2 protein chains.
Amino acid sequence: MAGRERRSDAVANRDRIVEAARAELSESNGAVDDLKLHKVAKAAGVGQGTLYRHFPTREHLLAEVYRHELAQLVDAVAPLLAEHPPLRALSCWMRRLVEYARVKRGVMAAIEASAWRDVHSEQHHRLDEALGTLLDQGKAAGQVRQEVDATDVVLLLGALTRLPESEWDARAPTIVTIIVDGLRPR
Amino acid sequence: MAGRERRSDAVANRDRIVEAARAELSESNGAVDDLKLHKVAKAAGVGQGTLYRHFPTREHLLAEVYRHELAQLVDAVAPLLAEHPPLRALSCWMRRLVEYARVKRGVMAAIEASAWRDVHSEQHHRLDEALGTLLDQGKAAGQVRQEVDATDVVLLLGALTRLPESEWDARAPTIVTIIVDGLRPR
DNA sequence: ACCTGAACACCGTTCAAGT
DNA sequence: ACCTGAACACCGTTCAAGT
């Protein structure tokens with residue numbers, strides 16, 4: 001898909017689909033399950049087959065919708081790691097994540113999808129890699145137990161996905177703290 | 001619904017529905033989302049309206065299916081607490097949970113539902129209460145940080161729900177350890 | 001009081017026809 | 001090469017008719 005030239009109408013349609021999905025998501029304030037592909041296609045002014053052609057699964061669409069958000073989060077890792085000890089960097093990163101997801105809840109669902117789904121978007125690889133480095137350096141510094149990997153952390157962060165809007169401020173920080181402290185070796 | 005007398009056919013139907021659901025779940029080896037209410041009604045030999053009458057939502061049905069399992073788990077708390085310090089008791093209990101859910105995966109989904117859903121089954125209350133006591137005693141003993149409650153723990157345990165069969169043995173123990181250690185104050 | 005099952009609603013997915 | 005949108009499949013939910 002690198003050198004492939006797309007027809008301009010295809011590109012435009014793709015963009016409109018993503019934009020429509022974004023709009024739809026912000027209306028339902030980020031509740032990923034409320035995103036109806038039917039409605040997205042209609043809102044984008046394209047046939048449903050077109051949506052399906054560009055995004056074979058709902059996850060693929062979501063991955064695209066949150067590509068920028070995920071990229072920003074991933075890019076934040078390296079600087080944090082340069083300035084702080086590994087576990088502290090992880091802790092800061094997660095706090096940033098919580099702040100971010102507070103207004104864009106859907107980004108949590110996108111992150112959770114990183115765990116297994118066959119979504120092999122570049123961002124997911126990069127997230128896995130970034131978290132992996134964070135953890136590896138933590139292990140090397142003796143701040144993180146040996147058995148954990150990025151998938152474990154992503155799975156635990158999934159708890160935030162089940163958090164309703166109204167409970168976010170009260171619980172999200174606690175949950176993150178538990179995860180970070182739990183990573184320490186004993 | 002306490003003193004209410006039910007017609008015997010209604011009772012029998014209810015039982016058959018639960019049994020059918022159980023059978024269906026063990027075929028799909030506990031994947032809760034694969035449970036099709038349509039199929040359950042058919043397998044139970046009742047109309048769909050009947051299923052709906054007895055169990056207004058899918059969660060209500062699941063709560064009933066796993067009532068005994070949940071009860072056993074809840075009942076295990078008090079003895080553990082009598083024999084061990086609180087956090088150790090919690091750790092043992094979770095290990096038991098992992099062992100249990102290894103063969104009955106659906107029980108994890110039932111537990112996760114305890115967090116918010118409007119399922120006010122007695123078992124959910126009891127679980128919340130049991131975990132609450134565990135945590136309270138842990139706090140009193142200075143082994144558990146003050147801010148956490150049963151809901152936080154249930155949410156974190158939800159990570160196990162997203163764990164595919166094949167990854168269970170490798171990851172479930174790690175995840176539980178992270179949660180338990182993360183509960184400690186620093 | 002309880003049951004049945006056709007009917008409805010909703011949504012994801014496909015595909016023949018079109019440009 | 002890409003798009004359209006009717007059609008299909010699937011499932012949860014309801015409700016008029018029945019016992």
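Numbered from 1 within each chain, the chains take letters A, B, ... in sequence-line order. Computed from a predicted model, the values in this text were never measured in an experiment.
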Sequence neighbours excluded, which residues qualify as side-chain contact (heavy atoms from CB on, under 4.5 Å) partners of [X]?
X	value
B/His68	none
A/Lys39	A/Glu24, A/Lys36
A/Glu69	A/Arg22, A/Tyr66, A/Tyr100, A/Lys104, A/Val107
A/Arg126	A/Ala71, A/Val74, A/Asp75, A/Glu122, A/Gln123

Going by heavy atoms closer than 4.0 Å, what residues in residues 36-55 of chain A are next to DNA chain D? A/Gly45, A/Val46, A/Gly47, A/Gln48, A/Gly49, A/Thr50, A/Arg53, A/His54
Those residues of residues 17-27 of chain A lying under 4.0 Å from DNA chain D by at least one heavy atom: none
D/dC3 phosphate, OP1 or OP2: any side-chain N/O from A/Asn13 under 4.0 angstrom? yes
According to a strict under-4.0 Å criterion, is A/Arg6 in side-chain N/O contact with OP1 or OP2 of D/dA1? no
Please name all residues satisfying side-chain hydrogen bond (donor to acceptor under 3.5 Å, both in side chains) with [X], sequence neighbours left out, ordered by chain then number.
X	value
A/Ser91	A/Arg95
A/Gln143	none
B/Arg145	A/Asp181
B/Arg7	B/Asp9

What's touching nucleotides 16-19 of chain C from the protein side, N or O pairs under 3.5 Å?
none

CG (A/Asp152) and CZ (B/Arg171) are apart, to the nearest 0.5 Å, by 4.5 Å
Runs of at least three Watson-Crick or G-U pairs with DNA chain D, cut-off 3.5 Å: C:4-8 with D:12-16, C:12-16 with D:4-8
